[in-house]
**Student:** 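One structure, pasted below without further comment.
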Amino acid sequence: MRIASWNVNSIRQRLQPLLAFLKEAAPDALCLQETKCEDHAFPRLEIEDAGYNVAIHGQKTFNGVAILSKSPLDDVTIGLPGFDGEAQSRYIEAVVSDGAGGATRVASIYAPNGNPPDTPKYPYKLAFMEALTRHAAALLRLEESVVLAGDYNVIPAPGDVYEPSAWMGDALFLPQTRAAFQRLLNLGYADALRATTDAPGLYTFWDYQAGAWQKNKGLRIDHLLLSPRAADRLARVDIAKAMRAGDKPSDHVAIYADLAAA
DNA sequence: ATGACTTATTAAATAAGA
């Protein structure tokens with residue numbers, strides 16, 4: 001089954017590219033971040049017409065996450081368990097079926113940016129990561145196939161950013177940020193892309209400003225983390241880079257993983 | 001370079017993103 005993640009930067013502005021991605025890549029499940037609208041304004045009918053079920057955790061103006069799935073969404077969890085910052089819609093989780101009797105637990109995650117680091121935004125980012133790590137540990141104990149997908153706002157390593165020296169003091173690349181992400185991996189999750197390649201320069205985000213896309217000044221900040229049961233099934237990972245060159249693109253592109261039948 | 005774009009809210013600016 002194919003599981004994808006994409007920060008759309010407004011679902012209403014991105015409906016046409018979204019429908020095109022659903023048709024072309026045909027993911028079994030797609031995790032969305034930064035939908036930026038309340039649930040009543042979510043374009044549910046258009047997405048259902050494309051053959052997908054929808055679970056939403058929306059918010060006015062900011063944040064907002066959702067999971068689209070060809071199969072029905074079971075055991076839906078709204079909000080990150082154990083995190084006080086429920087005022088911001090940054091986490092939704094559900095179980096999707098792979099159609100062959102197997103099931104995978106999927107989370108759509110929009111971790112805080114955290115900039116500027118000398119403001120309360122940075123400790124908020126670290127607190128979110130800590131709560132996510134605690135929850136991720138609890139999920140491992142279920143011994144399920146789990147995919148924690150989303151915009152982590154973390155550049156894991158120097159090869160994941162066009163110019164590491166320019167990002168040393170940024171909340172996305174500070175040592176404490178990278179350590180927090182590493183603690184999540186240390187639980188036993190695999191960074192799906194890094195399970196398939198060591199190549200540097202594989203980005204999922206290019207800023208709208210200053211010709212970042214044209215100059216390939218990108219970041220790898222959208223990640224798929226796989227529990228051992230999911231990692232054992234990993235067949236392929238791809239970044240839908242061509243999306244960034246389309247009409248009215250998001251500043252992020254989708255990343256997806258193919259898991260073999262359980 | 002406290003910039004550059006894009007979005008939402010709201011009605012010409014402001015805030016947030018990364």
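Chain naming here is simple, since letters A, B, ... match the order of the sequence lines and numbering starts at 1 in each.
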**Student:** Please report the distance, rounded to the nearest Å, between CD in Glu38(A) and C1' in dT9(B).
**Tutor:**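 Spelled out: CD on Glu38(A) to C1' on dT9(B) is 12 Å.
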
**Student:** Indicate, with a heavy-atom threshold strictly under 4.0 Å, whether Tyr110(A) touches base, sugar-phosphate, or nothing.
**Tutor:**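 Sugar-phosphate contact only.
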
**Student:** Looking only at atom P, what distance separates dT14(B) and dA1(B), rounded to whole Å?
**Tutor:**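 Comparing P positions in dT14(B) and dA1(B) gives a spacing of 24 Å.
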
**Student:** Whether Arg14(A) contacts dT7(B) is assessed here as follows: a side-chain N or O lying under 4.0 Å from the phosphate OP1 or OP2. Is that the case?
**Tutor:**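 Looking at the OP1 and OP2 atoms of dT7(B), one of them is under 4.0 Å from a side-chain N or O of Arg14(A).
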
**Student:** Check every strand shown and say whether Asp222(A) touches a base, only sugar-phosphate, or nothing at a heavy-atom separation below 4.0 Å.
**Tutor:**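 Nothing, no heavy atom under 4.0 Å.
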
**Student:** I'd like to know if Asp170(A) reaches the base of dA18(B) with its side chain, counting only an N/O donor and acceptor under 3.5 Å.
**Tutor:**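 When only heavy-atom distances are counted, Asp170(A) does not reach the base of dA18(B) through any donor-acceptor pair under 3.5 Å.
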
**Student:** Need one value for Asp151(A): base, sugar-phosphate or nothing, where a base atom within 4.0 Å counts as base even if backbone is also close, heavy atoms only.
**Tutor:**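 Counting heavy atoms under 4.0 Å across all strands, the contact made by Asp151(A) is with sugar-phosphate only.
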
**Student:** Between dT6(B), dA18(B), dA4(B), spot the one nearest the side chain of Tyr208(A), thanks.
**Tutor:**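 From the listed options, dT6(B) comes nearest.
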
**Student:** In this structure, how many angstroms lie between the P atom of dG17(B) and the CZ atom of Arg90(A), rounded?
**Tutor:**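 Checked: the CZ to P distance equals 7 Å.
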
**Student:** Please report the distance, rounded to the nearest Å, between CD in Gln13(A) and C1' in dC5(B).
**Tutor:**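 So the two atoms are 13 Å apart, to the nearest Å.
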
**Student:** Rounded to whole Å, how long is the line connecting atom CZ of Arg12(A) with atom P of dT6(B)?
**Tutor:**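 Rounding to the nearest Å, CZ of Arg12(A) and P of dT6(B) are 18 Å apart.
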
**Student:** Rounded to whole angstrom, note down the C1' distance from dT7(B) over to dA11(B).
**Tutor:**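 dT7(B) and dA11(B) have their C1' atoms separated by 16 Å.
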
**Student:** Look at Thr61(A) and dA16(B) and indicate whether a side-chain polar atom (N or O) is within less than 4.0 Å of OP1 or OP2.
**Tutor:**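 Checking Thr61(A) against dA16(B): no side-chain N or O falls below 4.0 Å of OP1 or OP2.
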
**Student:** For residues Ile255(A) and Trp6(A), determine if any side-chain heavy atom of one lies less than 4.5 Å from a side-chain heavy atom of the other.
**Tutor:**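 Of all side-chain heavy-atom pairs linking Trp6(A) with Ile255(A), none is under 4.5 Å.
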
**Student:** Base, sugar-phosphate alone, or nothing: which one does Lys217(A) contact when heavy atoms must sit under 4.0 Å apart?
**Tutor:**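 No contact at all - Lys217(A) keeps every heavy atom at 4.0 Å or more from the nucleic acid.
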
**Student:** Is there a side-chain contact between Gln59(A) and the phosphate of dA8(B), meaning an N or O under 4.0 Å from OP1 or OP2?
**Tutor:**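 It does not, given that no N or O in the side chain of Gln59(A) lies less than 4.0 Å from OP1 or OP2 of dA8(B).
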
**Student:** Within the structure provided, determine whether Asp28(A) and Val96(A) are in side-chain contact (heavy-atom separation under 4.5 Å).
**Tutor:**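 Sidechains of Val96(A) and Asp28(A): no contact.
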
**Student:** Would Glu34(A) and Asn9(A) count as a side chain to side chain donor-acceptor pair (under 3.5 Å) here? Give the steps.
**Tutor:** CA-CA 5 Å; Glu34(A) 283 206 273; Asn9(A) 185 14; 5.9 Å; no

**Student:** Give me the distance, rounded to whole Å, that separates dC5(B) from dA18(B) when you measure between the C1' atoms they each carry.
**Tutor:**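 My reading of the C1' atoms in dC5(B) and dA18(B) gives 12 Å.
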
**Student:** Side chain of Ser10(A) only, please: which of dT7(B), dC5(B), dA18(B) is the nearest?
**Tutor:**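 For the Ser10(A) side chain, the nearest candidate turns out to be dT7(B).
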
**Student:** Return the value, rounded to whole Å, for the distance between atom CG of Asp251(A) and atom P of dC5(B).
**Tutor:**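 Distance, rounded to whole Å: 14 Å.
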
**Student:** Looking only at the side chain of Leu172(A) (C-beta and beyond, no hydrogens), which of the listed nucleotides dG17(B), dA18(B), dT7(B) gets closest?
**Tutor:**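 Between dG17(B), dA18(B), dT7(B), the one nearest the side chain of Leu172(A) would be dA18(B).
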
**Student:** Identify, between Ala111(A) and Cys37(A), the residue whose nearest nucleotide on DNA chain B lies closer to the 5' end.
**Tutor:**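 Counting from the 5' end, the first nearest nucleotide belongs to Cys37(A).
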
**Student:** Whole angstrom is fine here: how far is it from CE in Met168(A) over to C1' in dA18(B)?
**Tutor:**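 The distance from CE of Met168(A) to C1' of dA18(B) comes to 17 Å, rounded to the nearest Å.
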
**Student:** Look at the side-chain heavy atoms of Ile, Leu, Val, Met, Phe, Trp and Tyr, link any pair under 4.5 Å apart, and say whether Val146(A) and Tyr91(A) land in one connected group.
**Tutor:**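 Per the 4.5 Å side-chain linkage, Val146(A) and Tyr91(A) are co-clustered.
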
**Student:** Kindly give the heavy-atom pair with the smallest separation between Ile92(A) and His57(A), and that separation in Å.
**Tutor:**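 Smallest heavy-atom distance, with atoms named: CD1-N, 3.9 Å.
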
**Student:** Nearest-Å distance, CG (Asp207(A)) to P (dG17(B))?
**Tutor:**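 My rounded result for the distance is 13 Å.
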
**Student:** Round to the nearest Å and state the distance from Gln209(A) atom CD to dA15(B) atom P.
**Tutor:**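 One finds 16 Å between P of dA15(B) and CD of Gln209(A), rounded.
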
**Student:** Taking the C1' atom of each, how far is dA15(B) from dT2(B), in whole Å?
**Tutor:**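 Looking at atom C1' only, dA15(B) and dT2(B) are 14 Å apart.
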
**Student:** Output yes when at least one side-chain N/O atom of Asn7(A) is less than 4.0 Å from OP1 or OP2 of dA18(B), else no.
**Tutor:**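 Yes, because at least one side-chain N or O of Asn7(A) sits under 4.0 Å from OP1 or OP2 of dA18(B).
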
**Student:** Under 4.0 Å from OP1 or OP2 of dG17(B): is there any side-chain N or O of Lys121(A) that close?
**Tutor:**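 Result: yes.
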
**Student:** Among the nucleotides dT9(B), dT7(B), dA16(B), which one has an atom lying closest to any side-chain atom of Lys60(A)?
**Tutor:**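 Of all the options, the side chain of Lys60(A) is nearest to dT9(B).
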
**Student:** Flag the pair Tyr256(A) / Arg236(A) as yes when at least one side-chain heavy-atom distance between them is below 4.5 Å, and no otherwise.
**Tutor:**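 They are in side-chain contact.
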
**Student:** Which of these passes ring pair (Phe, Tyr, Trp, His ring centres under 6.0 Å) with His252(A): Tyr110(A), Phe205(A), Trp213(A)?
**Tutor:**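 Single ring pair (Phe, Tyr, Trp, His ring centres under 6.0 Å) partner of His252(A) among Tyr110(A), Phe205(A), Trp213(A): Phe205(A).
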
**Student:** Could you check whether Asn153(A) gets within reach of a base, just the sugar-phosphate, or nothing at all, counting any heavy atom under 4.0 Å?
**Tutor:**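 The answer is sugar-phosphate, as Asn153(A) gets under 4.0 Å only of primed atoms, P, OP1 or OP2.
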
**Student:** Give a yes/no on whether any side-chain N or O of Asn113(A) is located under 4.0 angstrom from OP1 or OP2 of dA18(B).
**Tutor:**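 For dA18(B), OP1 or OP2 has a side-chain N or O of Asn113(A) closer than 4.0 Å.
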
**Student:** Of His252(A) and Ala210(A), whose closest DNA chain B nucleotide lies nearer the 5' terminus?
**Tutor:**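 In this pair, the answer is Ala210(A).
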
